[in-house]
Amino acid sequence: MEKQKHIYLGTNTKMYKTIQDTTSFLSSLSALTADIDRKYMTLFVIPSFTTLDAARKTVPADVIRLGAQNMGWEDQGQFTGEISPLMLKEVGTQIIEIGHSERRHVLMETDEMENKKVLCALRHGFTPLLCIGETGKQKELGISAETLRIQLKVGLKDVTPQQAATQLWIAYEPVWAIGVGGTPASKEYAMEMHAVIRDTVKEMFGEEAGSAIPLLYGGSVNRENAVELAVVPNIDGLFIGRSAWDAENFNLLIRDVLKVWGYPS
Ligand code: PGA
């Protein structure tokens with residue numbers, strides 16, 4: 001049995017679930033996982049903005065943490081279509097997902113924009129979940145590590161070691177692995193890239209703070225590959241899309257992962 005670690009398991013429901021869908025998903029997920037001691041696992045769900053208020057009223061924060069899929073970087077102002085940190089705080093949000101591949105590649109967000117969001121989220125006491133990952137083209141060119149290092153160095157510019165150690169989470173989600181048509185990364189490849197990320201954050205924030213940041217893997221995680229990915233060194237959790245949107249399937253995946261770590265499941 002491997003050494004036990006605290007594991008982070010969560011899902012971003014993208015633009016799929018309505019208020020009704022989200023609250024019934026959260027109710028089922030919290031009932032199905034009620035016997036699992038949260039000292040082993042942090043469980044989180046990142047649904048659409050309009051669902052957050054009802055979602056927070058459906059489950060307590062210590063059972064399922066809730067996040068927003070994006071956030072503007074100013075408290076208020078002339079930013080039509082953006083959501084402010086104050087508005088997200090008002091509805092009990094704890095995590096801010098920043099720079100998901102779809103935000104970067106469909107909505108054209110840049111590392112500089114992600115950096116402003118990270119700093120704003122930290123200022124307001126949220127947990128920023130910065131998502132990074134290379135495209136298939138960058139992988140082909142052999143510049144995956146370089147790409148990740150740029151995304152980290154620009155996206156986390158001016159973050160202090162103290163903030164990094166206590167507030168920040170990072171998700172590695174190779175763009176070619178995400179969504180319908182994506183191929184999951186092999187455990188060897190995930191191990192190599194997670195080592196690059198760990199080394200880079202240690203270089204940026206020091207050995208202690210760099211080691212404390214939870215690093216999550218995401219991209220076509222399913223019940224077939226969750227266990228082998230969850231035991232990879234420097235993978236502290238899984239960030240799941242499609243395979244987690246059904247509460248029963250997510251619960252089974254959670255239990256597979258906890259079991260391999262030797263937790264009661
Ligand atoms: P997927 O999505 O698990 O459906 O590939 C992952 C993600 O977009 O975070």
Side-chain angles (χ1 to χ4, degrees), residues 7-17 21-22 25-26 29 42-49 51-52 55 64-71 93-109 114 117-118 121 127-136 138-139 144 147-148 151-152 155 168-187 189-190 193-194 197 214-230 232 235-257:
I7 189 115
Y8 296 76
L9 295 167
T11 182
N12 151 25
T13 62
K14 308 197 180 184
M15 199 176 72
Y16 283 106
K17 291 186 188 287
D21 296 338
T22 303
F25 171 69
L26 289 168
L29 188 61
T42 296
L43 183 60
F44 65 97
V45 173
I46 307 189
S48 295
F49 291 132
T51 71
L52 282 166
I64 301 179
R65 292 201 209 178
L66 292 175
Q69 296 177 10
N70 182 33
M71 184 186 71
T93 311
Q94 295 153 293
I95 302 162
I96 311 294
E97 181 177 2
I98 296 167
H100 184 276
S101 146
E102 288 144 22
R103 304 282 328 162
R104 292 176 186 266
H105 300 287
V106 184
L107 283 306
M108 301 303 154
E109 290 187 9
E114 315 310 5
K117 296 179 191 200
V118 166
T127 299
L129 170 53
L130 178 68
C131 303
I132 59 171
E134 79 284 3
T135 62
Q138 289 164 329
K139 179 170 183 269
S144 301
T147 304
L148 298 180
Q151 290 175 338
L152 289 167
L168 176 69
W169 298 357
I170 295 171
Y172 169 56
E173 300 202 291
V175 179
W176 46 270
I178 293 175
V180 179
T183 336
S186 66
K187 61 177 192 299
Y189 188 81
M193 292 306 128
H194 275 259
I197 297 167
L215 304 185
L216 284 64
Y217 171 81
S220 293
V221 173
N222 54 44
R223 277 197 76 202
E224 278 72 63
N225 60 19
V227 163
E228 63 174 25
L229 287 163
V232 165
I235 291 188
D236 305 300
L238 300 172
F239 193 23
I240 309 153
R242 291 155 296 157
S243 299
W245 296 340
D246 171 78
E248 306 244 347
N249 199 53
F250 192 15
N251 173 53
L252 293 172
L253 190 155
I254 290 168
R255 284 169 196 277
D256 291 345
V257 169

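Values reported hereafter were calculated over all heavy atoms of this structure, with side chains retained and with hydrogens, waters and symmetry mates removed. Start at 1 and go down the list; that is how both ligands and their atoms are numbered. Small disclaimer: the values here were computed from a predicted structure and weren't measured.
What sits closest to atom 9 (O) of ligand 1 on the protein, heavy atoms only, is Glu173 OE2, 2.6 Å. Taking atom 3 (O) of ligand 1 as the reference point, the nearest protein heavy-atom neighbour is Gly241 N, 2.9 Å. In terms of protein heavy-atom proximity, atom 4 (O) of ligand 1 is nearest to Arg242 NE, 2.6 Å.
The shell of residues lying under 4.0 angstrom from ligand 1, judged by heavy atoms, excludes Gly218.
On a distance-only criterion, Ile178 and ligand 1 share no N/O pair closer than 3.5 Å.
Heavy-atom proximity to Gly179, at under 4.0 Å, picks out these atoms of ligand 1: 1 (P), 5 (O). For ligand 1 and Ser220, the ligand atoms under 4.0 Å from any heavy atom of the residue are 1 (P), 3 (O), 5 (O). Below 4.0 Å from some heavy atom of His100 lie the following atoms of ligand 1, by number and element: 7 (C), 8 (O), 9 (O).
Between the side chains of Thr11 and Trp245, a donor-acceptor pair is found at a separation under 3.5 Å. Looking at Tyr16 and Ser48, their side chains never bring a donor and an acceptor atom within 3.5 Å of each other.
In this structure, Ile96 and Lys117 have side chains that are not in contact, with every pair of non-hydrogen atoms separated by 4.5 Å or more.
Salt bridge annotation for Arg103-Glu109: present, with a cationic side-chain nitrogen under 4.0 angstrom from a carboxylate oxygen.
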Report, one line per pair, each donor and acceptor closer than 3.5 Å where one atom sits in a side chain of residues 221-228; sequence neighbours left out.
unit_1: Asn222; atom_1: OD1; unit_2: Glu224; atom_2: N; d: 2.8
unit_1: Asn222; atom_1: OD1; unit_2: Asn225; atom_2: N; d: 3.0
unit_1: Arg223; atom_1: NE; unit_2: Asp256; atom_2: OD2; d: 2.9
unit_1: Arg223; atom_1: NH2; unit_2: Asp256; atom_2: OD1; d: 3.2
unit_1: Arg223; atom_1: NH2; unit_2: Asp256; atom_2: OD2; d: 3.2
unit_1: Asn225; atom_1: OD1; unit_2: Asn222; atom_2: N; d: 2.8
unit_1: Asn225; atom_1: ND2; unit_2: Ser220; atom_2: O; d: 3.0

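For residues 241-254, the set of pairs meeting the salt bridge (charged side-chain N to carboxylate O under 4.0 Å, His left out) definition, not counting sequence neighbours, is empty.
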